[in-house]
Amino acid sequence: MSIKFSDIIIDVKNLTYKDVLQNISFEILRGEYAAIIGPNGGGKSTLIKILLGLIQATNAHIKLFNYEQSLFKQYRKIGYVPQRATLVDNNFPVTVQEVINLGLAHKSSLFSKISKEESLHIQNIMEKLEITDLKNRRISQLSGGQRQRVMIARALISKPEILILDEPNTGVDTHSQAKFYELLNKLNKQENITILFITHDLGVIVNDIKRVLCINQTLLSCHTPNEILNDEQMSKIYGINSNIICHHH
Ligand SMILES: Nc1ncnc2c1ncn2[C@@H]1O[C@H](COP(=O)(O)OP(=O)(O)OP(=O)(O)O)[C@@H](O)[C@H]1O
């Protein structure tokens, strides 16, 4: 299959940042469902923050949706669920609805009125994520799985074309994790949202993920899950001897 120029929505060339990331190059194509794995402190979150413009990397050659990052203004096209987003301060007095409305923060002012159309869109997303009944609850009173859906709803409000999630399953039980991956799969397959997420859960990458970027300061590999889930590759990525045992689930 030939790749069209417009299919590349993230294009990173020779990215180096302090002593955290060295000479990283990769592309993410429209419609992809890709994961980033690697050991703690390997630079995964830093890479994501650079892509989102939250950390400035001088001399980086990054293109987002075919624009040089320095000229790129449409960050609403990128939905982001940060690390530990589900762990909130119990005294934080905001409701689910208020958190979700923050997804419209790309508007000129946070306090500008929400239009009828936006309000309908917010309702649709809440229904899709099955959180309508929670809208007046305080975010601090929700379970980890419920908070996770709220954070994704917030990220989806700006109708992003790519969704980037940094270890989205921290503090979430196994059942909610399974539901969560079902949801990501649906967003990818049915709504054509490109998905890129950081995970330490090697089990999950086997099922739906087509490409796994392994990062430990440099890009160690960028293959299909089957190509990396073997003892040799795991030892290379995590720097320890490992035995991979696969079971039919
Ligand atoms: N803004 C920054 N400037 C310089 N160094 C940073 C910055 N942010 C993080 N670091 C350092 O970069 C290294 C990589 O951190 P990062 O959080 O990107 O790793 P990670 O792969 O996401 O780790 P984890 O899996 O534990 O979340 C760490 O040593 C961290 O202390």
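Indexing begins at 1, ligand by ligand and atom by atom, following the structure's order.
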* Structure fact -> Residue shell for ligand 1, any heavy atom closer than 4.0 Å, reads Y17, K18, V20, P39, N40, G41, G42, G43, K44, S45, T46, I55, Q83, E167, H200
* Could you tell me whether Y75 and F65 have their ring centroids closer than 6.0 angstrom? => no
* Asked: Looking at K135 and D133, does any basic side-chain N land under 4.0 Å from a carboxylate oxygen?
  -> no
* **side chain to side chain donor-acceptor pair (under 3.5 Å) against E191, all qualifying residues, sequence neighbours excluded** => K128
* Does a side-chain N-to-carboxylate-O contact under 4.0 Å join E32 and R211? -> yes
* Asked: Does NZ in K186 sit with more than 12 non-hydrogen atoms of other residues, nucleotides or ligands closer than 6.0 Å?
  -> no
* Distance-only, no hydrogens or angles: does the S158 side chain make a donor-acceptor pair with backbone N or O of R76 under 3.5 Å? -> yes
